[in-house]
2 protein chains.
Amino acid sequence: MLRASPKAQAMNDIEESDYLASYDLRCYDIPMVSVDAALFTFHEDVIKILLVQRQNHPDKGKWGLPGGFVDKHKDRHLEDTVLRKIQEKTGVVPPYIEQLQSFGSANRDKRDWSITICYSALISYQSCAPHISTVADAAWVNLKTVARRALAFDHQSLIAHARERLRQKALYSVVPGYALPEKFTFPELQKLHEALIGKPLQKRSFRRRIEAANLLEDTGEKRSEKGPPAILYRLRKNSAQFTFNRNLEE
Amino acid sequence: MLRASPKAQAMNDIEESDYLASYDLRCYDIPMVSVDAALFTFHEDVIKILLVQRQNHPDKGKWGLPGGFVDKHKDRHLEDTVLRKIQEKTGVVPPYIEQLQSFGSANRDKRDWSITICYSALISYQSCAPHISTVADAAWVNLKTVARRALAFDHQSLIAHARERLRQKALYSVVPGYALPEKFTFPELQKLHEALIGKPLQKRSFRRRIEAANLLEDTGEKRSEKGPPAILYRLRKNSAQFTFNRNLEE
DNA sequence: CCAATAGTGTCTGTTAGACATTATAGA
DNA sequence: TCTATAATGTCTAACAGACACTATTGG
């Protein structure tokens with residue numbers, strides 16, 4: 001954009017030299033900017049995070065979070081960039097995404113002063129299984145054990161921040177439910193929250209508050225494994241926006 | 001950094017061409033990145049936000065949030081940049097700062113695809129009054145009426161986000177207290193929270209929870225205006241980290 | 001003394017924790 | 001029938017809301 005017509009823009013002002021000076025500054029003295037995503041899911045009672053193997057230098061071959069650079073032509077908003085990157089790796093767009101935090105410092109990338117805008121997203125294991133199973137450079141990793149791996153850049157730190165934020169959400173929202181398949185049971189949602197919080201929850205309290213806030217919709221279907229059949233629910237529209245006034249105990 | 005020795009870095013790898021290709025990309029096809037700060041204070045029962053008059057194009061002469069570009073030589077971390085910018089305008093470093101959110105899109109700056117990492121900070125009116133009163137290009141503006149002004153870029157939107165976040169903090173923390181002088185009374189803190197939340201609070205509840213969590217330290221001093229003398233408190237260390245398990249009602 | 005207001009006593013209502021109980025499936 | 005477990009009943013504890021009350025200042 002700028003490059004296409006720097007003069008046309010500058011002509012409107014008197015200080016064309018100022019304008020061009022700041023333009024030059026941009027090219028030589030600015031930090032790198034990228035976008036990363038911590039994408040979580042819940043499968044077989046385990047919280048997992050998506051890692052991808054880097055195809056480019058630096059840290060080529062190392063595993064890290066999916067991410068990349070804004071494409072000024074393809075992306076209108078920052079979120080477009082992350083969603084594009086996630087879709088490239090999983091084949092689908094996640095039903096929940098939020099901006100986590102930006103991390104910027106002189107030393108987080110050995111090349112240069114670097115900034116990443118990190119997002120956190122949730123998706124069902126099933127919805128991306130078809131795509132991920134066909135590629136070798138993307139894999140779900142157990143969140144409990146990911147800390148033991150050597151990851152690219154400061155991605156270990158980004159994951160720690162994302163996990164903590166998600167843990168908080170488990171205390172005052174039903175947002176974690178977006179890591180489940182579209183239809184799920186109350187005990188499944190509770191197991192997920194328990195895994196995030198790291199301690200067992202009272203099922204009476206857990207159900208009561210979610211029912212009182214009317215966050216789930218009964219699908220009319222049931223599923224039975226061991227024991228009586230459990231009702232299948234789905235998240236209601238806008239249930240991601242709802243926050244309880246009171247946290248579950250940590 | 002990169003520009004100083006791109007070859008030295010690339011020599012370690014086989015794919016020097018790849019490396020340089022991505023380097024070129026950085027110069028031509030990357031978005032602008034800046035940092036902005038929503039700095040709040042509380043003075044004479046009014047929440048105020050610091051606005052500065054832009055000295056450069058675009059939007060020269062318009063008012064907006066203080067901010068600017070990362071200086072790769074001066075700044076080690078993103079927060080250094082914001083604190084430097086705030087200090088330039090107020091003469092002091094605020095006792096509380098947190099990252100709010102990053103905003104990036106193709107159209108938030110008419111020049112180019114642009115990203116800003118926006119911070120929210122709090123400071124006492126008194127601590128920056130000496131500096132601000134001497135300059136013409138920085139001023140405290142009533143947060144209630146700031147929405148009626150025409151501000152630079154999307155700063156009106158950034159302010160709305162920052163205000164909402166601060167309102168939430170008033171419901172479950174004592175963070176707003178950093179907008180007060182070092183020593184303050186309980187009724188002063190309550191007035192601030194009430195202004196943020198937009199409705200009166202029960203003083204019994206307000207005091208009770210803060211005392212139970214031991215967030216304030218009695219300075220031993222008192223102040224009296226109309227009525228009996230009020231105890232002067234200060235925020236304890238780490239009181240910004242504490243969050244109540246239960247929100248005040250909205 | 002009076003108005004203003006800092007600070008407390010205390011009752012109520014809401015909601016999470018704890019845990020027993022009932023009900024319904026598969027083996 | 002037996003085990004696992006989904007779903008509910010119900011008591012308690014914690015804490016915010018409401019509001020009356022006391023106490024202490026300046027005018």
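One finds a side-chain N or O of B:Gln202 lying less than 4.0 angstrom from the OP1 or OP2 phosphate oxygen of D:dA18. In terms of phosphate contacts, B:Lys226 brings a side-chain nitrogen or oxygen within less than 4.0 Å of OP1 or OP2 of C:dT5. A sub-4.0 Å separation between OP1 or OP2 of D:dA7 and a side-chain N or O of A:Arg207 is present.
Within 4.0 Å (heavy atoms only), A:Arg209 reaches sugar-phosphate atoms of the nucleic acid but no base atom.
We find that NZ of B:Lys203 is positioned 10 Å from C1' of D:dC19, with the value rounded to whole Å. The separation between A:Leu248 atom CG and C:dT15 atom C1' is 11 Å, rounded to whole Å. Between B:Glu211 atom CD and C:dG7 atom P there is a gap of 9 Å when expressed in whole angstrom units. In this structure, NZ of B:Lys222 is placed 11 Å from C1' of D:dA23, rounded to the nearest angstrom. Taking atom CD1 of residue B:Ile210 and atom P of nucleotide D:dG17, one finds them 12 Å apart after rounding to whole Å. Here the P atom of nucleotide D:dA6 and the OH atom of A:Tyr233 are 12 Å apart, to the nearest Å. Distance CD (A:Glu249) to C1' (D:dT12): 13 Å, rounded to an integer number of Å. Across the protein-nucleic acid pair, B:Asn245 atom CG and D:dC15 atom C1' stand 10 Å apart, rounded to whole Å.
Without hydrogens or angle criteria, B:Glu217 side chain to B:Arg236 main chain gives no donor-acceptor distance under 3.5 Å. With A:Thr41 contributing its side chain and A:Ile123 its backbone, the two residues share a donor-acceptor pair below 3.5 Å.
Residue-environment remark: CD (A:Glu225) stays at or below the threshold of 12 foreign heavy atoms within 6.0 Å. Atom NZ of B:Lys191 has 12 or fewer heavy atoms from other residues, nucleotides or ligands within 6.0 Å.
Ring geometry, B:Tyr125 versus B:Trp140: the interplanar angle falls from 30° to 60°, so the pair is classed tilted.
Using modelled atom types, one finds a donor on one side chain and an acceptor on the other under 3.5 Å when comparing B:Arg208 with B:Ser205. With no hydrogens or angles considered, a side-chain donor-acceptor pair links B:Arg108 and B:Ser114 at under 3.5 Å.
For B:Arg208 and C:dG7, a side-chain-to-base donor-acceptor distance below 3.5 Å is absent, hydrogens and geometry of angles not being considered. Side-chain atoms of B:Arg204 and base atoms of D:dG17 include no donor and acceptor less than 3.5 Å apart.
Annotation: cation-pi pair B:Arg209/B:Phe244 present, NZ/CZ under 6.0 Å from the ring centroid and within 45° of its normal.
Near DNA chain D, defined here as any heavy-atom distance below 4.0 Å, the residues from residues 166-201 of chain A are A:Pro187, listed numerically.
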Margin query: Run B:Glu164 and B:Arg167 through salt bridge (charged side-chain N to carboxylate O under 4.0 Å, His left out) and show every step you take.
Written below: CA-CA 5 Å; B:Glu164 174 55 24; B:Arg167 195 180 74 87; 3.1 Å; yes
Next item on the list: Run the numbers on A:Ile86 and A:Tyr119 for side chain to side chain contact (heavy atoms under 4.5 Å, CB included), then give the verdict.
Entry: CA-CA 11 Å; A:Ile86 291 176; A:Tyr119 282 76; over 6 Å; no
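A residue-by-residue look at B:Leu232 and A:Phe244 shows that B:Leu232 has its nearest nucleotide of DNA chain C further toward the 5' end.
Summary for the helix from C:dC1-D:dG27 to C:dA27-D:dT1: the axes at its two ends, each from 5 pairs, differ by 0° when rounded to the nearest 10 degrees.
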